[in-house]
Number of protein chains: 2
Amino acid sequence: MSPKVSKEHLEQRRAKIVEAATQVFIEHGYERTTMKHVMDAADVSRGGLYQYFSNKEDLFEAILADRLLIDVAKTDQLLKEKVESYWDLLLSRIFGESKEPSDHMDPLAASNLEFFITGRNDQRRRNYAQERYSFALKLYANIIEAGQQSGEFSNKQSGEMIARSIITFIDGLALDHAILPKEDVKLKEQSSLLIEYLRLALEVKN
Amino acid sequence: MSPKVSKEHLEQRRAKIVEAATQVFIEHGYERTTMKHVMDAADVSRGGLYQYFSNKEDLFEAILADRLLIDVAKTDQLLKEKVESYWDLLLSRIFGESKEPSDHMDPLAASNLEFFITGRNDQRRRNYAQERYSFALKLYANIIEAGQQSGEFSNKQSGEMIARSIITFIDGLALDHAILPKEDVKLKEQSSLLIEYLRLALEVKN
DNA sequence: TATTATAACGACATTAATGTCGTTTTACAA
DNA sequence: TTGTAAAACGACATTAATGTCGTTATAATA
């Protein structure tokens, strides 16, 4: 039963497909992307592609899973490095290492929204969405609630609700970013408003 | 049922199609809806349907246009009735007549997002989206800026940016509402948070 | 009542994407 | 080398939706 090709080879090929597919999804979006697009981009035949992924959904979920892993690793890193202040931790979580608002948006974000919104009538897809939401929620809520425990943040507002509102706002930004010209979204400025709001709601000194 | 015209019959038939199509879009979403669905729901033949709308996009845009008209009428009504305070006006604009957060969401909202997000690579669709965004922006910004002029609102923050952030947040709510269970979106509570934020940002007395 | 313009119909050709399967190729073990 | 398991291939059958067009039915008109 020994395989005819090495495990590395299989993983390399899979990785190549995933990488190519990611680019395709970024370019065409989830719905418009076809397996043919991926075949061409990854330079693989139809049969070859289906050997690794049984359909577009399977492929996209693989991409999501890969990226979630990376994200989790980064978060762990974050938690190990920064404990100076929960405020800084929160900003790092929202904006990444720089802790500063920027005009950058994950290029796959739009396809992501598309994936979940067009699949909203599918129970499986809904469950998946909720899982990811809960995960993100916990991430934010944990930081905020810890900050409230420590006295760094006010607890006038429920930490969980603030966490939810952060997610809502970021989702709104991703959505608008996907559709509208940069001049309208004003990603950076709106992110600053978000910070301003959090400062007020959590009564952060600094 | 009604050959060789009579303007009323034509309009009635068109209206029937639009109404049926609206229900279909609500049920299946924009992408999954097919002309066959609409034919069945409106009890009209393929040829009959295409006599009124040349494709799904055309049909959906007709629905959007119809609804925009209604919305504009309501807004005009609002402006003529309420000028007591800009704060009330703003709340009416956001939440409707009740001026109160609720758990209700336009049932077509999800298809709407879908329409724009899946069509984001089409220039025509983008232009359309931007037009509607500008329209909504102006609506909010006008109220806020008038309130700032009158001294009712603080002008520490740019009225336009606050207007943009309102839209962003509402878009985020619509998106999350489309995908997640009610228990996670907590529409009403999050809307209350939005009010709280606006109160702070605009330094509303009351 | 007869005429006629055209709304409504539905069969059909077209297009496009999907997933399968029999065949070919190839990497590895023997 | 050589034999072989299975990776990779690509043709193909299938499915599904689209928009068109020739035909049919009928409301308005004279």
Side-chain angles (χ1 to χ4, degrees), chain A residues 1-21 23-25 27-63 111 114-115 118-119 121-122 124-125, chain B residues 1-21 23-25 27-63 111 114-115 118-119 121-122 124-125:
Chain A
M1 287 297 253
S2 50
K4 279 298 159 185
V5 298
S6 66
K7 197 148 197 176
E8 298 90 58
H9 176 80
L10 285 184
E11 274 168 13
Q12 269 179 24
R13 203 162 167 82
R14 196 197 111 108
K16 189 183 173 191
I17 293 175
V18 165
E19 205 174 326
Q23 289 312 311
V24 173
F25 282 124
E27 184 177 347
H28 298 290
Y30 181 74
E31 283 294 321
R32 304 273 173 271
T33 289
T34 70
M35 292 302 250
K36 182 72 165 54
H37 286 142
V38 178
M39 285 158 54
D40 292 345
D43 200 30
V44 69
S45 71
R46 182 159 219 93
L49 176 54
Y50 275 87
Q51 193 114 27
Y52 289 86
F53 302 99
S54 59
N55 51 42
K56 188 169 69 167
E57 182 174 28
D58 189 28
L59 177 51
F60 195 77
E61 286 182 12
I63 292 174
S111 298
E114 229 186 298
F115 177 74
T118 60
N121 287 338
D122 177 49
R124 177 184 152 64
R125 195 79 61 94
Chain B
M1 285 250 226
S2 49
K4 187 149 185 187
V5 278
S6 142
K7 203 150 196 178
E8 298 87 55
H9 274 201
L10 284 184
E11 274 168 15
Q12 269 180 25
R13 203 163 166 81
R14 196 197 111 109
K16 189 183 173 190
I17 293 175
V18 165
E19 205 173 326
Q23 289 313 310
V24 173
F25 281 125
E27 184 177 347
H28 298 291
Y30 181 75
E31 283 294 320
R32 304 273 172 271
T33 289
T34 71
M35 291 303 248
K36 183 73 165 56
H37 287 141
V38 177
M39 286 158 53
D40 293 344
D43 200 31
V44 70
S45 70
R46 183 159 219 95
L49 177 53
Y50 275 86
Q51 194 114 24
Y52 290 86
F53 302 98
S54 59
N55 52 43
K56 187 169 70 167
E57 182 174 28
D58 188 26
L59 177 52
F60 194 77
E61 286 181 11
I63 293 175
S111 298
E114 230 186 298
F115 177 74
T118 59
N121 287 337
D122 177 48
R124 176 182 152 66
R125 196 78 62 94

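Below, read A as the first sequence line, B as the second, and so on, with proteins coming before strands; counting in each chain starts at 1.
When the C1' atom of D:dT14 is taken as reference, atom OH of A:Tyr50 falls 13 Å away, rounded to whole Å. Atom CG of B:Asp40 is separated from atom P of D:dA17 by 11 Å (rounded to the nearest Å). Atom-to-atom, CZ of B:Phe53 to P of C:dA8 comes out at 12 Å; the value is rounded to the nearest Å. Taking atom NZ of residue A:Lys16 and atom C1' of nucleotide D:dA7, one finds them 14 Å apart after rounding to whole Å. Here the P atom of nucleotide C:dT18 and the CG atom of A:Leu59 are 11 Å apart, to the nearest Å. We find that CD of A:Gln12 is positioned 17 Å from P of C:dT26, with the value rounded to whole Å. Atom P of nucleotide C:dT6 and atom NZ of B:Lys7 are separated by 14 Å, given to the nearest angstrom. Here D:dG10 presents its P atom at 8 Å from CE of A:Met39, a figure rounded to the nearest Å.
Residue A:Leu10 holds its CG atom at 9.5 Å from CZ of A:Arg13, rounded to the nearest 0.5 Å.
Looking at the side chain of B:Arg13, the nearest of the listed nucleotides D:dA17, C:dG19, C:dA8 is C:dA8. Comparing C:dA7, C:dG19, D:dG19 against the side chain of B:Leu10 picks out C:dA7 as the nearest. Picking from D:dT18, D:dA8, C:dC9 the nucleotide with the shortest atom distance to the side chain of A:Ser45 gives D:dA8.
For the OP1/OP2 pair of D:dA8 and a distance below 4.0 Å, the side-chain nitrogens and oxygens of A:Arg14 include no atom meeting the criterion. The phosphate of D:dA7 has OP1 or OP2 within less than 4.0 Å of a side-chain N or O from A:Gln51. Side-chain nitrogen and oxygen atoms of A:His9 include at least one within less than 4.0 Å of the OP1 or OP2 phosphate oxygen of D:dA8. At D:dA8, one or more side-chain N or O atoms of A:Tyr52 fall inside 4.0 Å of OP1 or OP2 (strictly under the cut-off).
Looking at B:Glu31 and B:Thr118, their side chains do bring a donor and an acceptor atom within 3.5 Å of each other.
Residues satisfying the side chain to side chain donor-acceptor pair (under 3.5 Å) test with B:Lys16, not counting sequence neighbours, are none.
Ring geometry for A:Phe25 versus A:Tyr30: interplanar angle under 30°, hence parallel rather than tilted (30 to 60°).
Residues A:Ser54 and B:Arg46 both approach DNA chain C. Their nearest nucleotides, taken by heavy-atom distance, put B:Arg46 toward the 5′ side.
Under the 3.5 Å distance criterion, the side-chain polar atoms of B:Asp58 are left unmatched by any main-chain donor or acceptor of B:Tyr50.
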